[in-house]
2 protein chains.
Amino acid sequence: MTSISSVQIRYSWASDPMSDQKTTSDTRERILDVAERLFMENGYEATSMRTITSAAEVNLAAVNYHFGSKEALLCEVFRRRLAWLNQQRLQALDELEAQAAGAPLKPSQILEAFFGTLLRMGEDPSLGGMTFLRLLGRTLTEPAEFIRTFFAGEYAQVIDRYKLALFRALPDVPKAEIVWRLHFMLGAMSYAIAGTDVLQVVTGCELGDLAGESADDPGDTALARRLAQRLMPFLLGGLRAPLPQFHELPFPSPPTPPPRGGRGDS
Amino acid sequence: MTSISSVQIRYSWASDPMSDQKTTSDTRERILDVAERLFMENGYEATSMRTITSAAEVNLAAVNYHFGSKEALLCEVFRRRLAWLNQQRLQALDELEAQAAGAPLKPSQILEAFFGTLLRMGEDPSLGGMTFLRLLGRTLTEPAEFIRTFFAGEYAQVIDRYKLALFRALPDVPKAEIVWRLHFMLGAMSYAIAGTDVLQVVTGCELGDLAGESADDPGDTALARRLAQRLMPFLLGGLRAPLPQFHELPFPSPPTPPPRGGRGDS
DNA sequence: ACTTCGATCAAACGTTCGTTTTAATGTTAG
DNA sequence: CTAACATTAAAACGAACGTTTGATCGAAGT
């Protein structure tokens, strides 16, 4: 219910008639908002242009006019949020490192800067709220080529910075191990967000009980805050878990031939 | 290349002409094998019936004849693996509890029974190997209704048993907290598996270096083993992490401002 | 030998997809 | 007023989708 009334157009030109950016019609923003929600609810492939444009109450051709294609629409849905998010993440790391004055940061500080920045987006509906967080978590596993290359470009810089910060924060942990655990942490967070209604069924609906009612905004906001409180200790515990003891292969230094080669019947 | 020659049909009737099961044509199995791989590579929606049937070298109508619909095909792809997997999981828990003689199990034992059983499937190509594991990880976030209800039914029993085992293993931890962390662990594992080529790009391809060459079977087998060695300590560390201290809101009461972080760690 | 029946086949079904085209609209500048 | 422009509207495009149909094949069954 009330599916369209929550669009809340900004109308910045109404209070700022001097704006020279009248070319940016609100059709664009309305398409982006609706596409963000529908892509989250149904997935990219299962959401048709006609569903998007009719829900946004715009013409079918509007998407191709403003964005060029359906693929470009999805990328733009992410770009307008990820640009801000990853800039915030870099800025948060900058401030932490400046105030540490050369000393390595604490792992908890790094995780707070990376994951806390994201989870705080889930509390702010004007930044996409939980809708965007869920969409992000679900889309990260999409196998489509253009999505993977898009995310690779958007995340390359921020991941590299945080990786180096973790290397310095945990000098005794092998770098490969840190990369693996960064991988695990990203997965735990993405799934926890994306699956709040998928794995809830699996885990017996107890998360749903804790998440409060299914109201549009306050429920999601509370969920984001509660999720952050639960997730951060888990991630920190996993990151600092005792290392696995290897009988062999701490790193692939020797050009090890594939064990049990056999003749390839491929 | 050589995409079809790796089907390796069994031909059990060739050496066992007494088999009364001639009705089970190998067409069924060939469709399931090919569909499993293509659904993993492209996702469910982006994989067409024509792609599946032509790759399996069967007629287009064969899927509808043997399975009824595309949705039923996906469910059958999972059912033939999940039935065995979850039965193994229940059996592993039964044996652990029988040998514990009433005493609560150790968390590491429970995690090993649940996640180790799955990860060992990744080492056995006859059980689907990493192809099935990746498909499982990616499909768990699919928003389609029939997929969610299917998984809910397949996982209900095993999740409930393991949840209770964790409750008894960690009597001092609130049950809601355990459910959350079970949620996080499932996510970390699923993403780590599903994203071995997605998040690899994000994390800088160092996991790919560790995973060895891109050979079909030995690479995946080695990856599954290495993944298990890395993942289990992480999950255990997260599960046993110190509990978050709540200054307020064990339930949603006031609109709390964002808590000023910066408490010491370690 | 004829029937039966499950399995496979080619061909077509109607629908929906993303995109394009062409015309009409409203606004801005000269 | 008009020319130029950016935006929206309606309609259609060809292609691809999941599914269904009716014929054909081949190996039991009586």
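Proteins get letters first, then strands, A, B, ... in listed order; numbering begins at 1 in each.
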Using whole Å, what does the distance between atom [atom2] of nucleotide [N] and atom [atom1] of [X] come to?
X	N	atom1	atom2	answer
B/K70	D/dT20	NZ	P	15 Å
B/E71	D/dC17	CD	C1'	14 Å
A/E29	D/dT7	CD	C1'	16 Å
A/R50	D/dC17	CZ	C1'	13 Å
A/Y65	C/dT22	OH	P	17 Å
B/L60	D/dT21	CG	P	14 Å
B/N64	C/dA10	CG	P	16 Å
B/N42	D/dA16	CG	C1'	15 Å

When you measure from the side chain of B/T139 to the backbone of B/L135, do you find a donor-acceptor pair of N or O atoms at a distance under 3.5 Å?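 Checking the backbone N and O of B/L135 against the side chain of B/T139, a donor-acceptor pair under 3.5 Å is found.
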
Donor-acceptor pair, side chain of B/T117 and main chain of B/Q88, under 3.5 angstrom: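 Absent.
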
Between B/N59 and A/M49, name the one whose nearest nucleotide on DNA chain C is closer to the 5' end.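 Between the two, 5'-proximity favours B/N59.
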
Could you tell me whether A/T53 contacts a base, only the sugar-phosphate backbone, or nothing, with contacts defined as non-hydrogen atoms closer than 4.0 Å?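 No contact at all - A/T53 keeps every heavy atom at 4.0 Å or more from the nucleic acid.
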
Touch check for A/T51, heavy atoms < 4.0 angstrom, all strands: base, sugar-phosphate only, or nothing?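 Result for A/T51 = nothing.
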
Looking at B/F146 versus B/Y44, is the centre-to-centre ring distance below 6.0 Å?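 B/F146 vs B/Y44: aromatic centres under 6.0 Å.
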
Aromatic ring proximity, centroids under 6.0 angstrom, A/Y191 and B/F184: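 No, the ring of B/F184 stays outside the 6.0 Å limit from the ring of A/Y191, centre to centre.
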
Within the pair [X] and [N], is there a side-chain N or O less than 4.0 Å away from OP1 or OP2?
X	N	answer
B/H66	C/dT8	yes
B/T27	C/dA7	no
B/S48	D/dA16	no

Salt bridge present between A/E41 and A/R37 (N-O < 4.0 angstrom):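 Salt bridge between A/E41 and A/R37, a charged N being under 4.0 Å from a carboxylate O: yes.
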
